[in-house]
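The next block holds one structure in the form of structure tokens; read it before the comments.
Hydrogens, waters and symmetry mates are skipped; everything else that's a heavy atom, side chains included, is used. Note on naming: letters A, B, ... go to the chains in the order of the sequence lines (proteins, then strands), and numbering restarts at 1 for each one.
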2 protein chains.
Amino acid sequence: MVSKLAELGYRMTPQRLMIVTAVENAADHTSAEEIFGQVVQKYPNVNISTVYRTLDLLEELHMVTKTDLGSGSVRYHPVDKGHHHHLVCRDCGALINLDESVLEGLKHDLLRDYKFNADLQHLGILGRCERCERNVARSENT
Amino acid sequence: MVSKLAELGYRMTPQRLMIVTAVENAADHTSAEEIFGQVVQKYPNVNISTVYRTLDLLEELHMVTKTDLGSGSVRYHPVDKGHHHHLVCRDCGALINLDESVLEGLKHDLLRDYKFNADLQHLGILGRCERCERNVARSENT
DNA sequence: TTTCGTGCAAACCCTTTGCATTTGC
DNA sequence: GCAAATGCAAAGGGTTTGCACGAAA
């Protein structure tokens, strides 16, 4: 991503470099806060607004996708790491990656029946993961 | 909903009455702002925090569901009006109701393949509606 | 009367913005 | 040198909260 930015004529400031690197090295999805937290450690005078601006830039250039999962949880994900979706556990907050193929049928149905072009790269599905589901079952037996 | 609240021992203040009535009479999904806007007209000294508190109460009592569609768009929907989902147009903001049945296959797959109990009552799918899709196509030809 | 609900204002979180300053090129 | 990027602090939107007052039961 760094070289692509340079090619496009964007200035390579140390902040940008560190932010972009952090995004690339992050797990498959990060938040602005997480990126910020990682960068401040090595570069204590970065500002979070710079993080937001950089992430916005990367999104504009289609280098990351931005997913708003609701409840103030916005996630960023490098496009070149492939598409996937998130299953978000309402109890423990776990994020499970979901393969794109699972949703292809749905996308097709929505287009056919509703003429709606669903942007399923930006989907977060709320629910309960296996472990929490067991915990709930257990506590309800009490 | 009003009588149920009374049965449960909650006080029937004029504010509560108007808010609950507004929620019931609202289209199938409303926001706190919309409810507030409706209620102030007849009762100019309601406060929006009362609206939030009442909606929270109704949610706790499982009388409405709360759907966070992201980007600061939180929707409330009376449970007794049946489940449905939302297709949210990223361009014009249109909300299209989606029948529950469309997602049953998905729910089943998620449970089978991911052991994930998806809460599809709370799903908002972002994308582009038919009209905006045409507009985009048109402007790209320009 | 006594607890519950409300209004008000302030705080909250996350994100964005205006502006002066600094920096890369 | 000049436009682009940053830091800072302040504002923004939507929501929540502490507290004293008011009203339902």
Side-chain angles (χ1 to χ4, degrees), chain A residues 1-23 29-37 39-40 42-61 63-64 66-76 93 124, chain B residues 1-23 29-40 42-61 63-64 66-76 88 93 124:
Chain A
M1 297 208 246
V2 174
S3 57
K4 194 173 170 191
L5 279 177
E7 279 169 33
L8 291 168
Y10 292 94
R11 294 187 184 167
M12 290 318 302
T13 66
Q15 292 92 326
R16 228 172 229 174
L17 223 108
M18 298 200 64
I19 294 168
V20 172
T21 309
V23 173
H29 34 58
T30 16
S31 64
E33 292 281 344
E34 279 168 24
I35 295 294
F36 176 67
V39 175
V40 249
K42 297 188 179 174
Y43 199 108
N45 47 329
V46 238
N47 193 276
I48 190 140
S49 58
T50 302
V51 174
Y52 279 110
R53 284 192 270 235
T54 305
L55 289 171
D56 283 355
L57 175 64
L58 295 178
E59 197 205 359
E60 261 176 46
L61 301 174
M63 297 165 72
V64 303
K66 184 178 175 182
T67 309
D68 189 342
L69 302 172
S71 334
S73 170
V74 179
R75 301 261 146 198
Y76 297 87
Chain B
M1 296 208 249
V2 174
S3 58
K4 194 173 170 190
L5 279 177
E7 280 170 33
L8 291 167
Y10 291 95
R11 292 186 185 170
M12 289 320 302
T13 66
Q15 291 93 325
R16 229 172 228 173
L17 223 109
M18 298 201 64
I19 294 168
V20 172
T21 308
V23 172
H29 35 60
T30 15
S31 63
E33 292 283 345
E34 279 168 23
I35 295 295
F36 177 67
Q38 220 173 302
V39 175
V40 248
K42 297 188 180 175
Y43 198 108
N45 47 330
V46 236
N47 194 275
I48 189 140
S49 56
T50 303
V51 174
Y52 279 110
R53 284 191 270 235
T54 306
L55 288 170
D56 283 355
L57 175 64
L58 295 178
E59 197 204 0
E60 261 176 49
L61 300 174
M63 296 165 73
V64 303
K66 184 178 175 180
T67 309
D68 190 341
L69 301 173
S71 334
S73 171
V74 180
R75 300 261 147 197
Y76 297 87
V88 188

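A salt bridge links B/R75 with B/E34: the distance from a Lys NZ or Arg NE/NH1/NH2 to an Asp or Glu carboxylate oxygen falls below 4.0 Å.
Rounded to whole Å, atom C1' of C/dG5 lies 17 Å from atom CD1 of B/I48. The distance from atom OH of B/Y52 to atom P of C/dC8 is 17 Å, rounded to the nearest whole Å. A straight line from CG of A/N45 to C1' of C/dT21 spans 14 Å, rounded to a whole angstrom. Separating the CG atom of A/D56 from the P atom of D/dT6 is a distance of 12 Å, rounded to the nearest angstrom.
Once rounded to the nearest 0.5 Å, the distance linking CD1 of A/I19 with CG of A/L58 reads 8.5 Å. Between the OH atom of A/Y76 and the CG atom of A/D56 there is a distance of 5.5 Å, given to the nearest 0.5 Å. Note that CD of B/Q38 is 8.0 Å distant from OG1 of B/T30, once rounded to the nearest 0.5 Å. Atom CE of residue A/M1 and atom CG of residue A/L57 lie 11.0 Å apart, to the nearest 0.5 angstrom.
Taking only side-chain atoms of B/E33, from C-beta outward, the nucleotide of D/dG18, D/dG7, D/dG14 with the closest atom is D/dG14. For A/T50, taking side-chain heavy atoms from C-beta onward, the closest of the listed nucleotides D/dT6, C/dT15, D/dT15 is D/dT6.
Under the side-chain hydrogen bond (donor to acceptor under 3.5 Å, both in side chains) criterion, no residue pair touches residues 3-22 of chain A, with sequence neighbours excluded.
OP1 and OP2 of C/dT16 both lie 4.0 Å or more from every side-chain N or O belonging to A/S49.
Listed in residue order, the members of residues 7-18 of chain B having a heavy atom less than 4.0 Å from DNA chain C are B/Y10, B/R11, B/T13, B/Q15, B/R16.
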